[in-house]
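Here is the structure we will look at.
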Amino acid sequence: MPKQADIRLLVPNCSAQLFWDTVYERPEATERYHKSFNASTSTTVSPWSSCQRTVNFTMPLRMPEFAKKLVGLSDGVAVREVQRVLWTGQGAFSVSSETAVGNIT
């Protein structure tokens, strides 16, 4: 079942454009996020094109080694996330993400 989060954020003394430039425009913040939050050892972030980009990362499997061996799994799960941005006329934006789990490595 897909997870959905609706996060509304107002940062004092920070415009939507400045927040965008800091958090979303360049790949570094997304790479740091996936390394920290998902323990990703390999994150790639494509450039924005036509208001979307693709983020690929690997998440380690958090299960006992014997269970991985029983079902023939290794150490990680490949994840592909497509992010889309929609800018509104009020100097605001929304970002949506669709995430798909790929091959288990």
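The residues of the chain are indexed from 1 along the displayed sequence.
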Inset, instruction - Keeping the roles fixed (side chain from Thr54, backbone from Ser46), state whether a donor-acceptor pair exists under 3.5 Å. - result: no
Inset, instruction - For residues Val82 and Gln52, determine if any side-chain heavy atom of one lies less than 4.5 Å from a side-chain heavy atom of the other. - result: yes
Inset, instruction - Indicate yes or no: at least one non-hydrogen side-chain atom of Val95 is less than 4.5 angstrom from one of Tyr24. - result: yes
Inset, instruction - Taking the side chain as every heavy atom from C-beta outward, state whether Cys51 and Arg84 have any atom pair closer than 4.5 Å. - result: no
Inset, instruction - Please name the pair of heavy atoms, one in Ala16 and one in Ala92, separated by the smallest distance, quoted to 0.1 Å. - result: CB-CA, 4.0 Å
Legend entry - Heavy-atom side-chain proximity of Val45 to His34 below 4.5 angstrom: no
Inset, instruction - Please tell me if the side chains of Trp48 and Gln83 come closer than 4.5 Å, counting only heavy atoms from C-beta onward. - result: yes
Inset, instruction - Measure up the Trp87 and Trp20 rings against each other and bin them: parallel (under 30°), tilted (30 to 60°), perpendicular (over 60°). - result: perpendicular
Legend entry - Least distance between heavy atoms, Val23 atom then Thr30 atom: O-OG1, 4.3 Å
Legend entry - Heavy-atom pair with the smallest gap, counting every atom of Ser97 and Glu81: OG-OE2, 2.9 Å
Inset, instruction - Keeping the roles fixed (side chain from Ser40, backbone from Thr58), state whether a donor-acceptor pair exists under 3.5 Å. - result: yes
Legend entry - Arg32 backbone acceptor or donor facing Ser36 side chain under 3.5 Å: no
